[in-house]
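Taking it in order: structure first as structure tokens, then the write-up.
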Amino acid sequence: MEKLRIVHTNDLHSHFEQFPKIKRYLHQAQNDKSVDQTFTFDAGDFMDRSHPLSDATEGQANIKLMNEFNYDAITIGNNEGISNSHAVLEKLFDHANFPVVLANLREEDESMPKWCTPYKIFETKKKTRIAVVGLTAAYPMTYGPNHWHVKLISDTLDKLLPKIKGQYDMLIIVSHIGLRVDRYIAHHYPEVDLIVGGHSHDYLAKGEKVNNTWITQTGKWGQHIGDISVELNDEHQVLSIKPNTVTTADLPSLDSDQKQIVNWHQKGEQMLKARKIAYLPGKFDHDKMAAIQVSLDAISEFAGTDVAVLNSGLFLKPFHQGVLTEADLQAALPHPMHVVQTKLLGSDVWRMVMEMEKNRHFLSKFALKGMSFRGKIFGDLVYKGIQVDHASRTVYINGKEIDPEKEYTLALLDHYVLIPFFPTISIMGKNKFLFPDYLRTVIGNYLKKKYPINKEKEKYKWSGDAGCAYCQW
């Protein structure tokens with residue numbers, strides 16, 4: 001008989017306030033003498049650049065802290081793969097002391113990224129072979145513009161699993177693909193014993209068994225930790241898998257925890273405050289509409305158009321008069337969003353605007369969640385270059401009635417392509433996702449050019465190399 005313990009996390013999203021307790025729990029499990037061996041996994045979205053320290057260090061702070069968790073393997077989520085530029089992801093794991101398993105992502109030349117491997121086979125002290133395969137959410141629409149090739153889940157498994165057949169006694173998939181796709185895998189790939197999942201933020205307190213496959217997921221933000229008991233016989237055959245979870249809030253605290261949590265946040269803010277962007281005139285002082293208007297100008301210039309749309313709920317704080325820093329922009333716009341250049345025929349622009357006007361009142365107070373949205377409510381829609389005569393249902397572009405046969409170019413957000421309220425954008429639009437800059441980076445670059453600080457004294461370059469972020473904090 002062999003007893004194993006598997007502890008796991010998913011969708012931590014840089015919620016460092018949970019890290020001290022999680023670290024202690026994982027260390028206790030890893031030193032559990034009542035079992036033969038303990039394995040530790042993370043199922044992706046461990047970083048989120050809405051936290052100032054993650055943003056300031058481009059995720060290197062996360063890696064440094066996760067090194068202390070003693071993971072045996074992790075996979076990446078969309079926050080690592082899409083919210084980061086290609087260049088940032090390429091160097092994200094330079095200082096990691098754990099392997100990254102990821103079977104369905106390739107470079108543009110179809111080669112494997114240097115920082116990951118499709119799978120890893122562990123051999124326990126009692127010679128049981130455990131194959132761990134990593135998978136991330138397949139979003140070709142956004143991975144492609146970020147210069148990655150992401151592979152469909154079924155195609156990946158159909159090719160990989162026959163190759164490793166006979167090389168393992170137990171097969172685990174560490175997945176950041178969501179519960180629905182995890183269930184699909186359980187139905188169609190019966191050789192999979194266990195799926196350690198993430199992405200959809202489902203909380204499975206005792207796991208979920210689909211056919212002969214167990215699926216686990218711990219919700220989000222480190223609020224729970226997964227803890228699985230596995231028993232195998234002397235022939236290395238799995239006898240039982242018993243998933244469980246613990247609530248992080250119920251774990252004991254130390255007096256030093258809160259001080260450490262505050263220190264991480266303050267350190268990130270200090271680093272971002274040191275990076276000056278622009279000097280704003282008085283019209284911006286605590287005026288959210290002024291911030292929205294200049295942001296419309298920024299994204300329209302970036303997308304090469306004079307027509308743009310933003311929603312007010314994106315702006316968590318207005319800008320202010322005086323020196324604007326990266327900390328100010330990060331606090332105002334923490335969202336990992338990208339600008340989209342959309343081309344639509346005039347008839348479809350009319351339909352899109354009608355969809356926006358129809359949903360305007362509802363969305364003004366709608367508490368939208370997910371889809372990389374970090375605001376409290378969606379808020380009001382604000383146009384640049386679009387005017388609407390509600391009485392006649394006429395739409396004007398820059399003062400001229402829309403031509404239904406003419407193609408128009410608009411600056412929108414990836415957010416609007418994904419949410420269900422404006423279907424015309426995704427159905428009829430020629431949508432070009434503009435990587436690698438974030439929404440706030442686009443706005444920062446525009447403000448830097450329009451309202452420059454004394455150039456002789458300014459040494460920080462917004463879009464340049466910030467140096468070794470790993471060594472700065």
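Residue numbers count from 1 along this sequence.
- Ile22 has its side chain within reach of Thr248: a pair of non-hydrogen atoms, C-beta onward, lies under 4.5 Å apart.
- Between Tyr451 and Phe284, the distance separating the two ring centers is shorter than 6.0 angstrom.
- A ring-centre distance under 6.0 Å is found for His201 and His13.
- Judged as a side-chain contact (heavy atoms from CB on, under 4.5 Å), and not counting sequence neighbours, the contacts of Glu110 are Arg106, His149, Lys151.
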Walk me through it: do His265 and Phe16 pass the test ring pair (Phe, Tyr, Trp, His ring centres under 6.0 Å)? CA-CA 9 Å; His265 198 277; Phe16 294 152; 9.4 Å; no
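- If you look at Phe362 and Phe366, their ring centroids are closer than 6.0 Å.
- Atom OG of Ser295 is separated from atom CZ of Phe315 by 3.5 Å, given to the nearest 0.5 angstrom.
- In this structure, a donor-acceptor pair under 3.5 Å is absent between the side chains of Thr409 and Thr305.
- Atom NE2 in His199 sits 11.5 Å away from atom CG in Asn10 (nearest 0.5 Å).
- Of the residues listed (Phe69, Trp221, Phe46), the one engaging Phe19 in a ring pair (Phe, Tyr, Trp, His ring centres under 6.0 Å) is Phe69, and it is the only one.
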Could you go step by step and tell me if Glu407 and Lys430 meet the salt bridge (Lys or Arg N to Asp or Glu O under 4.0 Å) rule? CA-CA 10 Å; Glu407 186 176 71; Lys430 298 175 185 176; 3.0 Å; yes
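- In this pair, His86 and His147 present their aromatic rings perpendicular. The plane angle is above 60°, beyond the 30 to 60° band.
- Partners of Tyr184 according to the side-chain contact (heavy atoms from CB on, under 4.5 Å) rule, which considers only residues two or more places apart in sequence or in another chain, are Ser154, His188, Tyr189.
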I would like to know whether His415 and Leu368 meet side-chain contact (heavy atoms from CB on, under 4.5 Å); could you show each step before the answer? CA-CA 11 Å; His415 187 54; Leu368 184 63; 3.3 Å; yes
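- Glu208 has a carboxylate O that lies under 4.0 Å from a charged side-chain N of Arg183, or vice versa, which qualifies the two as a salt bridge.
- Residues satisfying the side-chain contact (heavy atoms from CB on, under 4.5 Å) test with Val417, not counting sequence neighbours, are Met141, Val340, Ile425, Ser426, Asn431, Phe433.
- Under the side chain to side chain donor-acceptor pair (under 3.5 Å) rule, His176 has a single partner from Asp45, Thr136, Asp42, Asn79, which is Asp45.
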